[in-house]
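Have a look at the structure below before the remarks.
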Amino acid sequence: MLGFKVLLPFLVIDLAVAAVMASLGLFMTPPSLISLPMKLLLFVAVDGWAMVSTGLIAGVTRVAGT
């Protein structure tokens, strides 16, 4: 579930950037080059490290408690 929460916004950014670049005719420029700064800003803005670390710790404690 954590992987889905982290992956989905990045996938949406990739698809949006690829669509905009295709509509502008920039086929030779890789979309990942343009979308990487946006992904990093999004990860920092939503405090991604805290989300990932709490999810991992919660998963470990659930497994250990079972």
Exercise for the section: With sequence neighbours left out, write down each residue that passes side chain to side chain contact (heavy atoms under 4.5 Å, CB included) with Pro30, or none if nothing qualifies. Expected result: Ser32, Leu33
Problem - For Val46, side chain to side chain contact (heavy atoms under 4.5 Å, CB included) partners two or more places apart - result: Leu42, Met51
Exercise for the section: Would you mind listing the cluster partners of Leu11? Hydrophobic ones only (ILVMFWY), side-chain contacts under 4.5 Å, chaining allowed. Expected result: Leu15
Exercise for the section: Quick one: pull up CE in Met38 and CG in Asp14 and give me the separation to the nearest 0.5 Å. Expected result: 10.0 Å
Exercise for the section: Ignoring hydrogens and angles, tell me if any N or O in the side chain of Thr29 forms a donor-acceptor pair with the backbone of Leu26 under 3.5 Å. Expected result: no
Practice task
Please name all residues satisfying side chain to side chain contact (heavy atoms under 4.5 Å, CB included) with Leu36, sequence neighbours left out, ordered by chain then number.
Solution key: Leu40
Practice task
Just grab all the ring pair (Phe, Tyr, Trp, His ring centres under 6.0 Å) pairs involving residues 28-47, residues at least two apart or on different chains.
Solution key: Phe43-Trp49
Practice task
Kindly work out whether a path of hydrophobic side-chain contacts (I/L/V/M/F/W/Y, heavy atoms less than 4.5 Å apart) joins Ile13 to Leu24.
Solution key: yes
Completion exercise
When every non-hydrogen atom of Thr61 is compared with those of Ala58, the smallest separation belongs to OG1-O, 3.0 Å
Exercise for the section: For Leu8, check side chain to side chain contact (heavy atoms under 4.5 Å, CB included) against everything at least two apart and list the hits. Expected result: Phe4
